[in-house]
Amino acid sequence: MTDYLALSEDVEALVRDVPHKTACLANAAALLYMTLPDVLWAGFYLMEKGTLVLGPFQGKPACVQISVGEGVCGTAALRRESVLVENVHTFSGHIACDSASNSEIVVPILVHGEVVGVLDMDSATLGRFSKQDQTGLEQVVRVLERHVFGGDV
Ligand code: SME
């Protein structure tokens, strides 16, 4: 089981007082990808003029733009809440960037109630992500909101 408290602290140590958003998110994606077992993609989509655009990530090349409301990422952005998908093949509108992906979790990044991006994680294993992963990844995203996106959440 992942120690999300330790992971959040490690993410905070990587991004605190580093005034370079891309560098911070690249390091956060790398840390998440190497720390969480059984993950084939970990990274960010960032809101640009109302559309989610691919940001720093680890894994295979992925689709560049996702509209709000589209796919798992766009659904999380629209609802402003995490979306945990045990089986992506049963999620209507799922965007298959990698055919090997079977489960996914997306956590929105919020600053003053506005979605500024999402954290997306994919796995080849059905049901890879649990509620415990969701809570832990939300904790990690809170650190990024505070230190990378300038929110005072
Ligand atoms: N599956 C996502 C698209 C992004 S990739 O997984 C990296 C979705 O349905 O939004």
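For ligands, and for the atoms within them, numbers begin at 1 and follow the listed sequence. Along the sequence shown, residues are numbered consecutively beginning with 1.
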Just distance, no hydrogens or angles: give the donor-acceptor pairs under 3.5 Å from side chains in residues 7-15, sequence neighbours left out.
| residue | atom | partner | partner atom | Å |
| --- | --- | --- | --- | --- |
| S8 | OG | Y4 | O | 2.8 |
| E12 | OE2 | R16 | NH1 | 3.2 |
| E12 | OE2 | H147 | NE2 | 3.4 |

Using residues 31-38 as the side-chain source, report each donor-acceptor pair under 3.5 Å to any protein atom, sequence neighbours left out, with the distance given to one decimal.
| residue | atom | partner | partner atom | Å |
| --- | --- | --- | --- | --- |
| T35 | OG1 | L31 | O | 2.6 |
| D38 | OD1 | T125 | OG1 | 3.2 |
| D38 | OD2 | T125 | OG1 | 2.4 |

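- Scanning both residues, S82 and Q134, for their nearest heavy atoms gives CB-NE2, 3.6 Å.
- In terms of the salt bridge (charged side-chain N to carboxylate O under 4.0 Å, His left out) criterion, E86 has no residue partners (sequence neighbours excluded).
- The backbone N or O of G113 sits less than 3.5 Å from a side-chain atom of R80, completing a donor-acceptor pair.
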Identify the protein atoms, limited to N or O, that lie within less than 3.5 Å of an N or O atom of ligand 1, and list each pair with its distance to 0.1 Å.
| residue | atom | partner | partner atom | Å |
| --- | --- | --- | --- | --- |
| ligand 1 | 1 (N) | H94 | NE2 | 3.4 |
| ligand 1 | 1 (N) | I95 | O | 2.7 |
| ligand 1 | 1 (N) | E104 | OE1 | 3.0 |
| ligand 1 | 1 (N) | E104 | OE2 | 3.1 |
| ligand 1 | 6 (O) | D120 | OD2 | 3.3 |
| ligand 1 | 6 (O) | D122 | OD1 | 3.1 |
| ligand 1 | 6 (O) | D122 | OD2 | 3.2 |
| ligand 1 | 9 (O) | V72 | N | 2.9 |
| ligand 1 | 9 (O) | I95 | N | 2.9 |
| ligand 1 | 10 (O) | V72 | N | 3.0 |
| ligand 1 | 10 (O) | C73 | N | 2.8 |

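- In summary, of the residues considered (W41, F44, Y45), a ring pair (Phe, Tyr, Trp, His ring centres under 6.0 Å) with F57 occurs for W41 alone.
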